[in-house]
Trainee: 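Below are the structure tokens for one structure; questions will follow.
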Amino acid sequence: MAILDQGPLNYKENIPPIIVDNYGKWRYHENPKAGVLKHVSETGAELYSIRVGSPRLVSIDFVRDICKLADEYCDGYLRFTTRHNVEFLVSDAAKVEPLIAALGAIGLPVGGTGASISNIVHTQGWVHCHTPATDASGVVKAVMDDLYEYFVDMKLPAQLKMSLACCLNMCGAAHCSDLAIVGVHRTPPRIDHEKIRKGTEIPSLVACCPTGAIRPNPKEKSVLVNEAKCMYCGNCYTMNPGMEIIDPQNDGIAILVGGKVANARTNPMFSRMVIPFIENNPPRWPEVTSAVRNIVETWAANARKGEKMGEWIERIGWERFFTLTGIEFSDKLIDDFIFSRETFRTGAAFKYE
Amino acid sequence: MAILDQGPLNYKENIPPIIVDNYGKWRYHENPKAGVLKHVSETGAELYSIRVGSPRLVSIDFVRDICKLADEYCDGYLRFTTRHNVEFLVSDAAKVEPLIAALGAIGLPVGGTGASISNIVHTQGWVHCHTPATDASGVVKAVMDDLYEYFVDMKLPAQLKMSLACCLNMCGAAHCSDLAIVGVHRTPPRIDHEKIRKGTEIPSLVACCPTGAIRPNPKEKSVLVNEAKCMYCGNCYTMNPGMEIIDPQNDGIAILVGGKVANARTNPMFSRMVIPFIENNPPRWPEVTSAVRNIVETWAANARKGEKMGEWIERIGWERFFTLTGIEFSDKLIDDFIFSRETFRTGAAFKYE
Amino acid sequence: MADKKTPQLDELQNGQWPSFVTEIKRAAVKNEASKDLLHLLERSYEEKRGHWKHGGIVGVKGYGGGVIGRYTDLPEDYPHLQAFHTVRINAPSGWFYSTDSLRKICDIWEKRGSGLMNLHGATGDAILLGTTTDQLQPIFDELSEEGFDLGGSGSDLRSPSCCVGPARCEHACYDTLEACYNITNAFQDELHRPMWPYKSKIKFSGCANDCTASIARADCAVIGTWRDSLIIDPEEVKKYAASGMNIQHVCDGCPTDALKYNAETQELSVIAKDCSRCMHCINRMPKAITPGKDRGATILIGGKSTIVQSAFMGWVIVPFMKMEEADDFEEFKDVITRIWEWWDENGKTRERIGETIYRLGMSKFLTEVGLPAVPQMVYRPRANPYVFWPEDEIKK
Amino acid sequence: MADKKTPQLDELQNGQWPSFVTEIKRAAVKNEASKDLLHLLERSYEEKRGHWKHGGIVGVKGYGGGVIGRYTDLPEDYPHLQAFHTVRINAPSGWFYSTDSLRKICDIWEKRGSGLMNLHGATGDAILLGTTTDQLQPIFDELSEEGFDLGGSGSDLRSPSCCVGPARCEHACYDTLEACYNITNAFQDELHRPMWPYKSKIKFSGCANDCTASIARADCAVIGTWRDSLIIDPEEVKKYAASGMNIQHVCDGCPTDALKYNAETQELSVIAKDCSRCMHCINRMPKAITPGKDRGATILIGGKSTIVQSAFMGWVIVPFMKMEEADDFEEFKDVITRIWEWWDENGKTRERIGETIYRLGMSKFLTEVGLPAVPQMVYRPRANPYVFWPEDEIKK
Ligand code: SRM
Ligand code: SRM
Ligand code: SRM
Ligand code: SRM
Ligand code: SF4
Ligand code: SF4
Ligand code: SF4
Ligand code: SF4
Ligand code: SF4
Ligand code: SF4
Ligand code: SF4
Ligand code: SF4
């Protein structure tokens, strides 16, 4: 029988000796090369963290492989980052290059630090979720293959943090990322009255719609949807399987850019939509990868050093962003929900292009 | 019988010869002293505009007085500004000082140009409107008497544009002024069912409430107000005399600051509430005049040259504004209406004082 | 109650700022209503409350607007204020008057009203403050005789107004006075006969300094601008430099970093495509910098004050539009007409156009009014992914 | 369907980024469910749609959360995916693992599940991806045996997470790992037994760089900061200068203009009361600049993603709070408990705390939770005058 409420493992028993000894004593760090962080302690101790790209969806074999390396090079400890990269914690400088070589041997990339693109925070997609408008792991693989050079090198103006969410629930931080890839549905739910009648709390189903598009349908003991009001968020489907939202022909991907969460220099910002829809084109989503590359490289070519995507766009103005990237602007990009007012240009000063 | 739809007087028959001759040809202007603008034309012509403070609520005698001066010094023409000042248009430099003297003789102040406080855009108040929470002309007179020195001189960091509105209808530009004085009610409407029953369209009365505080009251063939939801905007009273909103004991004044409409340097901004309530204390509203003076002089002492009220506050931060002015912050100043989200500090970077 | 005292108001005759009380007293000498007003106001000062009732429907033949009805709630004590209506006169462009014009108003008003007025009302009308119902038509007839017409009130087009513009300002990018005059005349029916969901206002400012505060106070703001580059006069720049002006400081204020100054050569230059035409540098150096040659206006929609849904500032719906007397301001008239029609069809009662667009969405507004969506309309794109897809863009 | 081809997925084994397909295939060698998953996924790639149904209520004894039920809608074709549930393991603070700990998970998962997992889920749990209903309890029992516990799911406290903090970062202003561990243990009941209107998340970041993206992803964000002045080491400044760093450029990036550099004397100074602790200068010059000594955290409330009312970022509700192991993080636990109670009473079903506060107003929230209103909570005060006045502040 399981012990209830014993809580997570104690981190104290899962950190390497060098961290036990230097816990809270770190003085500064350097970033000698992509994927390698050197942290120096008051005690003089030096810790090398080797950041490794992971597919995040891994097999036990993968975990055992990295454990093996951690035993060999890191006194039997490792960690994962908030972006699902693996970090090997090396206390002996001499072991850094050999570890990197060993990682290369099993095909694991080292990078993602500093002014680079790190791993993409992502979600389940077709692998495990019931509401996705696109896949997660596949799109991430395609995009990271394409932008690989920016993971293993630090040649960008600043860090670039990407997220992918496969539906509007937006698991992950898509709403505040430098670049976000979001799965979107584009057709109203198809109602299965049968399913709905099966013990649905009609009032709460009606209430769950952000735009009030759902009304009760007493005749059917079910609901009906005012399609003119529906913007396909899928919240009703999350609530109730009878509101089928998946539509392979019309589901796809939207691109948002310019979000951030750190407070450095500028306040946190939301990501904002610049491409409302790109068709799902597995297995490599070429239209998505090239759209992403275009945005990343336009930013890289024009931003000042240290300027995050959103900071660059806010400086030059969104109108200029569309000119430089050649992305087409349309009414779909103009907010029409609750907080639209703050997005309207309530001023006469703007650039023509 | 009147001719219908003939439209306003033709401005062409109401502008002085010097303007006829130099219409659209003005090259530049100077502001030699407070209240005096010198506009120079391509043709070399020079026009001196003498700006004069007006009570706005005037008698025909006043109008005839200024007409007399206009005949003597300005070829029989004058104009009014968007802030209700009078402008004498002098084509002969030699007449400037004599005119200013003549104006002084009948007690009219010259000023309001450049880095000064101009006339206060204001409204009807107790003189003529049915919804006021305070008087208009009286408060304006008290404030302008107190700040007179800033009208006749240009010693401020930048122009200061004030507005007064005697109720939340906010006639005038109170919502976008450097400093706004706004009459506020503070108690829910007292319903006179008698009056309401007299041909009120109950549904539209119910619909007019911004916060949905009004519900039908079938028993009375009238309405009832959920007082917990009412924030006393008075819109229902504007719609229907049966919703008595005036409450002498609790009506008074709120102060908002930091608005602007020009696009120069920074985008237009809304004024924001810094004092939620000051009691009506006629005839001189001393608490209001000193609150206004405190804000104006704190700004004057701390802002950079050319920095409008709102630009200064946005640079130093609103938290610092409250520290410098010593004005007490309270939950009443935190937005709780539709667009509140954009006002919340969604970041961890701020000043402690 | 002629000899009743007015101590509170008397106090407001002290001080250096000209006193409205003095004005009321001047009128009171000749007019009983003004005398009553003085005492009613003193009473308001004592009781800290107004004494006016909602206005009933009063007006003049042929018009639905132009008059605000007013009645005191104390007719017994102040008989001459039993009815005390306001008449709004549509003021000339830029509020320019010949003394003749003003005197004509005074003469009519002396005969038929309180002798008190507001020059001007916040919307821009010349307001005749206080007369009786039976005087309304005669006043209108006589004003009309002299070439005046009434302004707007109620759910109609309110009297448009404009800045002084080319009449006395070097910054004017279009003829605000002519535009205001011409367009006001073109929409007389809309101005005099309320037929909309609510009021609608237009204000004309000649440049981005927006001296009419149009962005805050008008449903439709017409703000002058230019399409090419602002013009710099190198000689005048040198003169400013010689005069000791800190020109770099002017550049530092440029929001787009488009203005560059070379202190050695004393050369000032602008990156035209970066300039947002905010007017800052032109304001600081009017002799050396002027707007470009290809001039017109930016059209913004939605400005209004607080009631009901919150204050809205106008936002861009046409980045650049020519405003020429030559073509009779045709394009503007055409666009604003389509906008009013759309609002008339879609707006709820007492809903300003800005609130209607907010409720229904820019996308629907732009599509149905026939304006192309451009990034200049927004500070930034939507943060939410709640995009609506029309039938015809969806695979069946 | 062992030998059915998977051409589309095979393509995703090419390229330099490590492939999740390869991982699924590795698992498929040992596990039938993983093999079915491979083919189901290939089918999804062909049909461009997922094949999973809503999860029914499955779980383990004593808990309401920790498991996400999943069933394919094609059980006939993929029998081993008829049930394919997720088990969420609450990961250790900072995602630090001894290889022993990880191997224990692998051993259990090899025996009782697909052998596939997410390290980690976006909330921070170690996700065991895919097992059958009957295995859930045994898995939990064995994990528990080895000292692991489940994470949150449903309308409960989701597994809190934290940045690497003092374990490997010089910027940490409080002990994020201990805070996360201690507080997670203090709220085990809230974490394992859904009883709220909706989910609630906490994330701990040691400084304003917010490496856990807490402001965007947590209902409650705990972001390290300090109350005194940041500390500048003059010697290290000179070394940076010697190294050719453009220190003025660092000052130019300071949002509050609080950082001043004197190039002659090579002296760097800060106006402490102006500094907003944004971390910019410290990030650029970690050897020379460090956070102050009086350290703690800023507490923000309301972060969440898009559904339903729009995405919210957390906003400040406590500008500075001490976060000390010494006092067992008492103040934080006290405040968050009061907040949850308030939300529990006032929140609607599926309404995140941020949406509840937005609907009811900060004033009500602050008053009832007992937090003082301070200007640090807002970027700017309200623009509308719609203030609510409580009975007791009104004259009767
Ligand atoms: C390892 C990790 C924390 C963890 O507990 O896992 C981490 C670690 C560090 N972060 Fe971070 N950050 C980590 C996620 C983040 C995130 C969140 C995210 O990625 O989703 C952010 C917010 C991003 C945003 O705002 O959009 C983040 C914003 C920063 C910043 C601010 C950058 C800026 O200028 O805005 C710094 C400062 C800097 O880089 O100079 C920083 C600095 C650092 C430092 C240098 C702190 C230190 O002295 O050790 C660490 C190495 C940075 C590097 O990668 O070069 N870290 N950092 C996370 C690594 C994720 C990954 O695998 O890539
Ligand atoms: C006369 C008037 C227009 C009219 O048709 O009546 C006018 C006239 C001029 N304005 Fe204005 N402005 C007038 C109302 C405004 C308003 C609206 C208002 O006051 O409600 C504004 C917007 C204020 C705001 O943003 O809050 C306004 C914002 C400006 C600005 C922008 C100032 C800034 O830096 O933000 C300038 C440029 C400047 O002053 O350098 C300007 C500049 C000017 C110039 C210098 C234009 C020119 O070259 O002739 C005129 C003399 C300015 C002065 O007073 O020193 N005018 N000006 C208005 C005088 C009102 C009054 O009696 O005080
Ligand atoms: C006379 C004037 C104030 C003044 O002393 O100057 C005025 C007076 C009234 N306004 Fe106003 N408004 C006046 C300019 C404004 C302005 C400023 C402007 O037009 O530039 C505004 C703000 C801009 C705007 O339109 O939003 C303004 C926003 C309102 C509102 C709120 C409208 C809204 O959508 O928020 C109301 C309420 C209503 O319409 O019922 C209102 C209603 C009123 C009423 C008719 C009160 C009522 O509900 O019956 C007032 C009649 C007072 C009286 O007895 O004379 N008045 N009103 C101004 C018109 C004179 C003129 O024609 O020149
Ligand atoms: C597994 C995970 C994605 C991943 O692959 O990493 C995930 C998966 C799901 N999320 Fe999530 N969410 C996950 C992190 C997030 C995050 C990110 C975070 O926590 O930092 C968010 C955004 C932040 C937030 O909480 O708002 C997130 C916002 C949502 C929402 C929208 C909530 C909202 O208020 O906007 C839903 C919808 C719902 O709750 O019904 C949702 C619902 C779901 C459900 C349960 C779908 C559903 O409605 O039943 C998904 C189950 C998928 C599956 O079958 O396994 N998930 N979800 C993440 C949890 C793993 C873990 O415990 O570590
Ligand atoms: S984003 Fe949507 S589809 Fe993707 S895992 Fe989250 S809930 Fe499922
Ligand atoms: S998809 Fe979203 S908008 Fe459409 S009906 Fe369902 S809940 Fe409403
Ligand atoms: S602000 Fe209110 S009280 Fe004052 S004039 Fe306008 S409507 Fe009347
Ligand atoms: S005063 Fe305003 S909020 Fe109160 S009931 Fe009337 S309309 Fe509603
Ligand atoms: S708006 Fe521009 S053009 Fe009109 S008066 Fe003001 S500065 Fe001159
Ligand atoms: S007009 Fe404004 S934006 Fe253009 S150059 Fe001058 S200051 Fe810069
Ligand atoms: S949030 Fe701050 S303390 Fe935590 S890892 Fe990032 S930089 Fe270090
Ligand atoms: S922490 Fe940020 S605000 Fe403070 S001095 Fe450094 S850069 Fe400036």
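Residue numbering restarts at 1 for every chain, and letters A, B, ... go by the order of the sequence lines.
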Trainee: C:Phe84 ring centre to C:Arg70 NZ or CZ under 6.0 Å, with the angle to the axis within 45°?
Mentor: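 The answer is no, since C:Arg70 fails at least one limit relative to C:Phe84.
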
Trainee: Pick one of side chain, backbone, both or neither for C:Arg26, based on which atoms fall under 4.5 Å of a heavy atom in chain B.
Mentor: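 It is both, since atoms from each part get that close.
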
Trainee: Checking heavy atoms, do the side chain of B:Cys208, its backbone, both or neither come under 4.5 Å from chain C?
Mentor: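 The backbone, not the side chain.
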
Trainee: In terms of the angle between their ring planes, are C:Tyr71 and C:His85 parallel, tilted or perpendicular, with boundaries placed at 30° and 60°?
Mentor: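 Ring orientation, 0 to 90° scale: perpendicular.
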
Trainee: Considering only heavy atoms, which portion of B:Asn10 lies under 4.5 Å from any heavy atom of chain C: side chain, backbone, both, or neither?
Mentor: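 For B:Asn10, backbone and side chain are both near chain C.
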
Trainee: Pick one of side chain, backbone, both or neither for B:Phe337, based on which atoms fall under 4.5 Å of a heavy atom in chain C.
Mentor: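 For B:Phe337, the side chain is the part near chain C, not the backbone.
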
Trainee: Against chain C, label B:Leu108 side chain, backbone, both or neither, depending on which of its atoms sit under 4.5 Å from a heavy atom there.
Mentor: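 For B:Leu108, the side chain is the part near chain C, not the backbone.
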
Trainee: Once salt bridge (charged side-chain N to carboxylate O under 4.0 Å, His left out) is applied, do any residues pair with B:Arg56, and if so which ones, sequence neighbours excluded?
Mentor: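 For B:Arg56 there are no salt bridge (charged side-chain N to carboxylate O under 4.0 Å, His left out) partners, ignoring immediate neighbours.
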
Trainee: In terms of ring plane angle, is the pair C:Tyr358 and C:Phe312 parallel, tilted or perpendicular, where the classes change at 30° and 60°?
Mentor: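 Geometry flag for C:Phe312 against C:Tyr358: perpendicular rings.
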
Trainee: At a heavy-atom separation under 4.5 Å, does B:Thr134 approach chain C through its side chain, its backbone, both, or neither?
Mentor: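 Nothing of B:Thr134, per the 4.5 Å heavy-atom cut-off to chain C.
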
Trainee: Are C:Tyr97 and B:Phe80, when compared by the centres of their aromatic rings, separated by less than 6.0 Å?
Mentor: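 Yes; B:Phe80 has its ring centre under 6.0 Å from that of C:Tyr97.
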
Trainee: Please look at B:Leu78 and chain C and tell me whether the side chain, the backbone, both or neither of the residue comes under 4.5 angstrom of a heavy atom of that chain.
Mentor: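 For B:Leu78, backbone and side chain are both near chain C.
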
Trainee: Which answer fits B:Leu37, side chain, backbone, both or neither, if we ask what part of it has an atom under 4.5 Å from a heavy atom of chain C?
Mentor: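 Contact with chain C is through the side chain of B:Leu37 alone.
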
Trainee: Please check: side-chain N/O of B:Ser271 versus main-chain N/O of B:Ser177, any donor-acceptor pairing under 3.5 Å?
Mentor: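 Checked: pair present.
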
Trainee: Is B:Leu57 close to chain C through its backbone or its side chain, or both, or neither, when contacts mean heavy atoms under 4.5 Å?
Mentor: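 Contact with chain C involves both backbone and side-chain atoms of B:Leu57.
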
Trainee: Please look at C:Ile89 and chain B and tell me whether the side chain, the backbone, both or neither of the residue comes under 4.5 angstrom of a heavy atom of that chain.
Mentor: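 When you check distances to chain B, no heavy atom of C:Ile89 falls under 4.5 Å.
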
Trainee: Ignoring hydrogens and geometry, is there a side-chain-to-backbone donor-acceptor pair from B:Lys260 to B:Pro268 under 3.5 Å?
Mentor: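 Not at all, since once roles are kept as given, no pair shorter than 3.5 Å links the two residues.
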
Trainee: Would you check if there is a donor-acceptor pair between the side chains of C:Arg350 and B:Asn235 at a distance under 3.5 Å?
Mentor: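 There is such a pair between these side chains.
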
Trainee: Would a distance-only check, ignoring hydrogens and angles, find a side-chain to backbone donor-acceptor pair under 3.5 Å from C:Asp149 to B:Gly7?
Mentor: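 Indeed, once roles are kept as given, a pair shorter than 3.5 Å links the two residues.
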
Trainee: Among B:Lys141, B:Met170, B:His29, which has the most heavy-atom pairs under 4.5 Å with chain C?
Mentor: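 Of B:Lys141, B:Met170, B:His29, B:Lys141 has the most heavy-atom pairs under 4.5 Å with chain C.
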
Trainee: Using non-hydrogen atoms and a 4.5 Å limit, figure out which bit of B:Asp65 sits close to chain C: side chain, backbone, both or neither.
Mentor: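 Only the side chain of B:Asp65 comes within 4.5 Å of chain C.
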
Trainee: Please enumerate all residues that pass salt bridge (charged side-chain N to carboxylate O under 4.0 Å, His left out) together with C:Glu178, with sequence neighbours excluded.
Mentor: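 Partners of C:Glu178 by the salt bridge (charged side-chain N to carboxylate O under 4.0 Å, His left out) criterion, ordered by chain and then number, come out as B:Lys12.
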
Trainee: Check each atom of C:Glu110 against the heavy atoms of chain B and say whether the ones under 4.5 Å are side chain, backbone, both or neither.
Mentor: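 For C:Glu110, the contact with chain B is made by backbone and side chain together.
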
Trainee: Go through the atoms of C:Leu116 and report whether side chain, backbone, both or neither lie under 4.5 Å from a heavy atom of chain B.
Mentor: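 For C:Leu116, heavy atoms of backbone and side chain both lie under 4.5 Å from chain B.
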
Trainee: Determine which residues belonging to residues 123-131 of chain B lie within contact range of chain C, meaning some heavy atom pair is under 4.5 Å apart, and list them by number or answer 'none'.
Mentor: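 B:Gln124, B:Trp126, B:Val127, B:His128, B:Cys129, B:His130, listed by number.
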
Trainee: Select one option (side chain, backbone, both, neither) describing which atoms of B:Asn169 are under 4.5 Å from chain C's heavy atoms.
Mentor: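 Both parts, backbone and side chain.
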
Trainee: Could you list the residues that satisfy ring-ring contact (aromatic ring centres under 6.0 Å, His included) with C:Tyr63, not counting sequence neighbours?
Mentor: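 For C:Tyr63 the ring-ring contact (aromatic ring centres under 6.0 Å, His included) partners, ignoring immediate neighbours, are C:Phe140, C:His192.
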
Trainee: Under a 4.5 Å heavy-atom cut-off, does chain C meet the side chain of B:Ile246, its backbone, both or neither?
Mentor: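 Side chain of B:Ile246 only, per the 4.5 Å heavy-atom cut-off to chain C.
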
Trainee: Quick check on B:Ser137 against chain C: is it the side chain, the backbone, both or neither that has a heavy atom closer than 4.5 Å?
Mentor: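 Backbone plus side chain of B:Ser137, per the 4.5 Å heavy-atom cut-off to chain C.
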
Trainee: By a 4.5 Å heavy-atom criterion (distance strictly below it), what part of B:Leu89 contacts chain C: side chain, backbone, both, or neither?
Mentor: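 Contact with chain C: side chain only.
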
Trainee: Can you say whether B:Phe62 sits under 4.5 Å from chain C via the side chain, the backbone, both, or neither, judging by heavy atoms?
Mentor: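 Looking at B:Phe62, backbone and side chain both touch chain C.
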
Trainee: Before giving the answer on ring pair (Phe, Tyr, Trp, His ring centres under 6.0 Å), spell out for B:Tyr237 and C:His54 the whole-Å C-alpha distance, their side-chain angles and the decisive distance to 0.1 Å.
Mentor: CA-CA 9 Å; B:Tyr237 181 61; C:His54 280 60; 4.6 Å; yes

Trainee: With chain C, which of B:Cys171, B:Pro132, B:Ala70, B:Ser54 has the greatest number of heavy-atom pairs at distances under 4.5 Å?
Mentor: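 Looking at each option in turn, the highest pair count goes to B:Ser54.
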
Trainee: With a 4.5 angstrom heavy-atom cut-off, could you sort out which part of C:Asn185 is near chain B: side chain, backbone, both or neither?
Mentor: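 Side chain only.
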
Trainee: Indicate yes or no for a side-chain donor-acceptor contact from C:Asp210 to the backbone of C:Ser205 under 3.5 Å, with no hydrogens or angles considered.
Mentor: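 No, C:Asp210 side chain to C:Ser205 backbone: no donor-acceptor pair under 3.5 Å.
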
